[in-house]
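As structure tokens, the structure follows; a few thoughts come after it.
Both backbone and side-chain heavy atoms feed into the values below; hydrogens, waters and symmetry mates do not. For clarity, every value in this text was computed on a predicted model and none was experimentally measured.
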Amino acid sequence: MDIRLTRIDDRLIHGQVATAWSKTTGIERILVVSDEVAHDELRKFLLKQATPPSIKSHVITKQQLLEVYRNQLFDGMKIMLLFASPKDVLEVVEAGVDLKAVNIGGMRFCEGKKMVTNFISMNNEDVQSFVKLADLGIELEIRQVPTDRKTDLIQLIKKEKML
């Protein structure tokens with residue numbers, strides 16, 4: 001499996017992913033990895049409708065990702081992984097999925113979270129997941145679209161005094 005982009009964005013498939021990121025990365029397939037969404041037929045349908053016609057998309061559980069990741073059938077396939085939370089990314093990495101970098105695109109504000117940018121809010125659980133990912137040597141970069149300048153997430157967390 002040729003993972004071209006791993007992205008955390010709680011909107012999952014939307015305009016930026018469907019247009020800018022899919023073209024820049026040259027992907028063939030989008031895998032939305034979410035136990036919650038994988039069991040919601042309406043959300044799965046809506047996400048498939050948002051996928052560009054030239055790209056296949058699937059909504060799968062974390063366990064299904066682990067099975068697909070180890071399957072030789074997907075060797076060389078150009079993939080984008082989309083997650084809604086850093087905790088989910090950490091769980092699949094700890095289970096054996098080898099990631100080099102994670103792009104953080106959007107994490108909406110809700111009670112208990114702190115706004116750290118105009119489009120990223122985090123709570124302590126999110127911060128701890130990101131710290132563990134960074135400790136595993138995974139680059140954590142903030143960019144909404146490919147043309148944005150990369151911002152190091154861990155530096156931002158330190159600046160916001162969330163560590």
Side-chain angles (χ1 to χ4, degrees), residues 1-14 16-17 20-22 24-27 29-39 43 47 57-71 74-75 77-163:
M1 181 178 294
D2 179 4
I3 300 172
R4 297 287 179 98
L5 178 70
T6 301
R7 181 175 170 93
I8 297 171
D9 192 323
D10 56 21
R11 298 168 292 175
L12 300 170
I13 301 174
H14 57 88
Q16 293 165 345
V17 168
W21 286 108
S22 62
T24 299
T25 57
I27 58 163
R29 199 170 296 249
I30 296 172
L31 299 179
V32 173
V33 184
S34 169
D35 292 352
E36 177 186 340
V37 179
H39 296 95
R43 286 181 73 190
L47 289 171
S57 68
H58 304 279
V59 180
I60 61 176
T61 64
K62 292 176 285 198
Q63 183 59 43
Q64 288 171 317
L65 172 62
L66 297 175
E67 293 165 10
V68 168
Y69 180 74
R70 296 179 182 116
N71 188 327
F74 293 92
D75 284 355
M77 188 171 294
K78 299 171 190 134
I79 303 282
M80 177 189 302
L81 298 178
L82 291 177
F83 293 86
S85 76
K87 181 182 176 194
D88 287 348
V89 176
L90 180 61
E91 287 177 19
V92 300
V93 167
E94 290 178 334
V97 175
D98 183 28
L99 299 177
K100 306 293 183 229
V102 176
N103 166 267
I104 299 88
M107 296 170 59
R108 74 180 58 112
F109 179 79
C110 63
E111 190 173 330
K113 291 197 174 199
K114 177 181 178 182
M115 292 289 298
V116 294
T117 73
N118 290 340
F119 53 92
I120 297 174
S121 299
M122 291 185 275
N123 60 22
N124 189 51
E125 180 181 55
D126 297 329
V127 171
Q128 294 310 311
S129 293
F130 282 131
V131 168
K132 287 179 184 176
L133 288 166
D135 288 347
L136 292 169
I138 297 171
E139 177 189 5
L140 302 170
E141 55 127 41
I142 300 171
R143 285 192 294 167
Q144 285 189 293
V145 293
T147 55
D148 287 349
R149 183 180 56 82
K150 289 183 183 182
T151 300
D152 180 272
L153 180 68
I154 297 299
Q155 294 302 317
L156 180 64
I157 289 170
K158 289 177 182 176
K159 179 182 170 190
E160 293 292 323
K161 298 180 178 22
M162 294 183 76
L163 276 179

4.5 Å side-chain heavy-atom contact, [X] and [Y]:
X      : Y      : result
Arg43  : Leu12  : yes
Val145 : Thr24  : no
Thr61  : His39  : yes
Lys150 : Glu139 : yes
Leu5   : Ile27  : no

Taking all heavy atoms of [X] and all of [Y], pick out the closest pair and write down the distance.
X      : Y      : result
Leu66  : Val92  : CD2-O, 4.0 Å
Thr6   : Ala101 : CB-O, 3.7 Å
Asp9   : Gly105 : OD2-C, 3.9 Å
Ile104 : Met107 : CG2-SD, 4.0 Å
Ile13  : Ser57  : CD1-CB, 4.2 Å
Asn123 : Gly112 : CB-O, 3.4 Å

Expected output: side-chain Asn103 to main-chain Arg143 donor-acceptor under 3.5 Å:
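Between the backbone of Arg143 and the side chain of Asn103 there is a qualifying donor-acceptor contact (under 3.5 Å).
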Looking at Lys62, is its backbone amide N or carbonyl O close enough to the side chain of Asp35 to form a donor-acceptor pair, meaning the two atoms are under 3.5 Å apart?
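Side chain of Asp35 to backbone of Lys62: a pair is present.
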Should we say atom CG of Asn118 is surrounded by more than 12 heavy atoms from elsewhere, each under 6.0 Å from it?
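No - once you tally the heavy atoms of other residues, nucleotides and ligands closer than 6.0 Å, there are 12 at most.
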Result of checking Val131, Ile8, Ile142 against Leu153 for side chain to side chain contact (heavy atoms under 4.5 Å, CB included)
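In the set Val131, Ile8, Ile142, the residue that makes a side chain to side chain contact (heavy atoms under 4.5 Å, CB included) with Leu153 is Ile142.
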If you apply the rule salt bridge (Lys or Arg N to Asp or Glu O under 4.0 Å), what do you find for Arg4 with Asp2, and how did you get there?
CA-CA 6 Å; Arg4 297 287 179 98; Asp2 179 4; 2.9 Å; yes
Those residues that, when tested against Asp98, pass side chain to side chain contact (heavy atoms under 4.5 Å, CB included) (two or more places apart):
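For Asp98, the residues satisfying side chain to side chain contact (heavy atoms under 4.5 Å, CB included) (neighbours in sequence not counted) are Tyr69, Lys100.
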Run through Arg108, Lys87, Lys132, Lys113 and flag the one making a salt bridge (charged side-chain N to carboxylate O under 4.0 Å, His left out) with Asp126.
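Among Arg108, Lys87, Lys132, Lys113, the one that satisfies the salt bridge (charged side-chain N to carboxylate O under 4.0 Å, His left out) with Asp126 is Lys113.
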